[in-house]
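Notes for the one structure printed next.
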Amino acid sequence: MSRSRLFGSLCAIVFLVNFARVVFAPLVGEFIAEFAIGEGTAGLIVTLAWLGSAAPRLPAGWALTRFSRQFVVLVSGAMLTLGALGVALAPGVSTLMTAAFAIGLASGVYFVAANPLISELFPTRVGRVVGVHGMASQLAAVAAAPVVTVALWYDWRLAFYGLALTAAASTAVFVAFARRTDLPDAGASDTDFVAGALSEWKLIVAGVVLMGLTSFVWQGLFNFYELYMIDKGLPPATARNLLTVIFAAGVPAFVISGDLADRLPHVPYLLGIVTTFLVGVVFVVVSSGLAAVVAASVVVGFAIHMLFPAGDTYLLASLPDGSRASAYAVFSAGMMTTQAAGSWVVGEAIEAGAGYDAVFLSLAGGLALVVVAYAVLERLGRIPGGAAGAERAA
């Protein structure tokens with residue numbers, strides 16, 4: 001069987017994995033109403049899903065030095081199925097939090113195993129396949145708000161029953177395809193997790209700081225976007241559908257950015273993307289009126305979703321076969337841990353009385369300082385990175 005079919009099955013799984021994470025955002029209002037909780041607790045539920053995504057990445061990276069990529073993907077599919085059932089059956093907040101964390105665990109295990117696998121399936125076009133894989137993930141984000149809207153006609157829990165069923169089926173298809181595909185052995189020499197990560201620590205830190213802090217701002221923004229838009233005076237239905245606008249803008253961004261990441265210098269390209277994202281956040285804050293808000297949402301959505309394939313390509317293409325899975329797992333864990341607290345921090349700030357505009361402008365200002373620092377370091381040749389096997393800056 002061709003590697004393309006196996007890649008297609010991975011795209012199906014990543015659709016479900018990302019749907020499971022982002023579907024919590026349009027449900028924040030429902031959680032507040034059904035479980036009688038405040039914005040801070042609702043934000044913590046979302047944060048737990050993303051913290052769960054960060055938590056298993058180091059153990060999963062170690063597992064990849066002992067087990068095959070495809071076995072770890074299988075484990076992630078089983079975890080996603082069980083986590084989705086847990087959310088659907090949750091009788092109270094504590095159970096909901098636990099199940100949200102479990103769903104996050106599944107996504108963390110999946111990405112640590114799948115991203116190195118797809119880069120090794122197609123080693124000459126890493127950016128492109130990472131972009132297509134990311135686009136499949138992004139289609140789930142686009143679908144999340146409409147699915148929630150339909151589910152709310154009956155019961156929001158139906159979305160999670162459906163997720164559990166499709167996760168089980170997609171995982172079974174992946175296993176069947178993997179058994180019939182000639183798989184690469186590029187990661188066979190990656191058997192020492194600690195040594196592999198330590199050998200690439202400069203690249204890992206560079207990626208975690210830039211990607212993690214940018215994603216921290218993004219987490220805080222998109223998980224409260226619906227409530228923020230309502231605060232701006234938009235009708236609730238319109239506010240919810242603006243999440244779809246943001247995520248829809250990201251669909252072409254993944255493929256475009258993946259292609260560009262194969263051609264452009266990695267760090268300057270990443271800094272350009274983060275700068276565009278910052279401009280978009282400021283545009284969201286200062287805009288008024290539906291047309292302006294929609295335009296700002298498109299800018300934010302397109303820019304932030306260009307970041308993810310560009311960042312993954314930067315890491316995966318720069319890492320050698322002997323440390324790719326180990327080093328990528330450490331980067332992934334650090335980046336996810338950094339970003340996961342974004343929604344909780346924003347929720348606590350809002351519950352404490354801060355205005356949305358002030359919170360988001362403050363976050364944008366802090367991120368702008370990071371961009372300036374990276375630009376200076378890149379100018380001085382102090383940011384590591386490059387093609388696998390290339391000599392890195394000290």
Hey, can you tell me if [X] and [Y] have their rings parallel, tilted or perpendicular (30° and 60° cut-offs)?
X	Y	value
F308	H305	perpendicular
F24	F160	tilted
W156	F31	perpendicular

Does [X] reach the side chain of [Y], with side-chain heavy atoms less than 4.5 Å apart?
X	Y	answer
Y110	V72	no
F111	V17	yes
L363	V346	yes
L307	V274	yes
V129	L121	no
L89	Y161	yes
T238	M229	no
E120	R69	yes

So does [Y] get a backbone contact from the side chain of [X], meaning a donor-acceptor N/O pair under 3.5 Å?
X	Y	result
N223	S343	no
R57	S53	yes
D231	L227	no
R3	T181	no
S215	W218	no
T166	L163	yes
S332	A329	no
T95	P91	no
E200	L319	no
S119	P116	yes

If you take all heavy atoms of [X] and [Y], which pair is closest and at what distance?
X	Y	value
A100	V87	N-CG2, 4.1 Å
A60	V109	CB-CA, 4.2 Å
D262	G127	OD1-N, 2.8 Å
G52	P56	O-CD, 2.8 Å
N115	L316	O-CD1, 3.8 Å
A140	F15	CB-O, 2.9 Å

**Message:** Run V132 and F7 through side chain to side chain contact (heavy atoms under 4.5 Å, CB included) and show every step you take.
**Reply:** CA-CA 10 Å; V132 172; F7 176 64; 3.8 Å; yes
**Request:** Applying side chain to side chain donor-acceptor pair (under 3.5 Å), name anything that partners S297, two or more places apart in sequence or on another chain.
**Result:**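 Side chain to side chain donor-acceptor pair (under 3.5 Å) check on S297 returns Y225.
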**Request:** With sequence neighbours left out, write down each residue that passes side chain to side chain donor-acceptor pair (under 3.5 Å) with E348, or none if nothing qualifies.
**Result:**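 W344.
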Measuring from atom [atom1] of [X] to atom [atom2] of [Y], what distance do you get when rounded to the nearest 0.5 angstrom?
X	Y	atom1	atom2	result
L213	L367	CG	CG	7.0 Å
L242	K232	CG	NZ	11.0 Å
L48	M97	CG	CE	6.0 Å
L6	L117	CG	CG	6.5 Å
L10	F174	CG	CZ	5.0 Å
L16	I103	CG	CD1	11.0 Å

Can you hop from [X] to [Y] via hydrophobic side chains spaced under 4.5 Å?
X	Y	value
L82	V23	no
V370	F277	yes
V205	L271	yes
V300	V279	no
M79	F71	yes

**Asked** How about R157: does its CZ atom have over 12 heavy atoms from other parts shown lying under 6.0 Å from it?
**Response** yes
**Request:** Measure from the ring center of F224 to the ring center of Y228 and say whether it is less than 6.0 Å.
**Result:** no
**Request:** Ignoring hydrogens and angles, state whether a donor on the side chain of Y328 or D312 is under 3.5 Å from an acceptor on the partner side chain.
**Result:**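 Yes - a donor-acceptor pair under 3.5 Å links their side chains.
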**Request:** Go through L80 and S107 one step at a time and tell me if the side chain to side chain contact (heavy atoms under 4.5 Å, CB included) criterion holds.
**Result:** CA-CA 7 Å; L80 178 60; S107 69; over 6 Å; no
**Request:** Using the test ring pair (Phe, Tyr, Trp, His ring centres under 6.0 Å), find all partners of Y374 that sit at least two apart in sequence or belong to another chain.
**Result:** none
**Request:** Could you tell me which residues satisfy ring pair (Phe, Tyr, Trp, His ring centres under 6.0 Å) with F101, sequence neighbours excluded, listed by chain and number?
**Result:**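 Counting only residues at least two positions away or on another chain, F101 forms no ring pair (Phe, Tyr, Trp, His ring centres under 6.0 Å).
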Would you list the atom pairs, donor with acceptor, under 3.5 Å between side chains in residues 251-261 and any protein atom, with sequence neighbours excluded?
| residue | atom | partner | partner atom | Å |
| --- | --- | --- | --- | --- |
| S257 | OG | Y269 | OH | 2.9 |
| S257 | OG | M306 | O | 2.6 |
| D259 | OD1 | R128 | NH1 | 3.2 |
| D259 | OD2 | R128 | NH1 | 3.1 |

**Item:** Residue list, side chain to side chain contact (heavy atoms under 4.5 Å, CB included) with S137, at least two apart or on another chain
**Value:**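 If we apply the side chain to side chain contact (heavy atoms under 4.5 Å, CB included) test to S137, skipping adjacent residues, the hits are V14, N18.
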**Asked** Would M211 and F331 count as a side chain to side chain contact (heavy atoms under 4.5 Å, CB included) if you check the C-alpha gap in whole Å, the side-chain angles of each, and the deciding distance to 0.1 Å?
**Response** CA-CA 10 Å; M211 295 285 291; F331 155 75; 4.2 Å; yes
**V293 and V284: CA distance, side-chain angles, deciding distance, side chain to side chain contact (heavy atoms under 4.5 Å, CB included) verdict** = CA-CA 6 Å; V293 171; V284 167; 6.0 Å; no
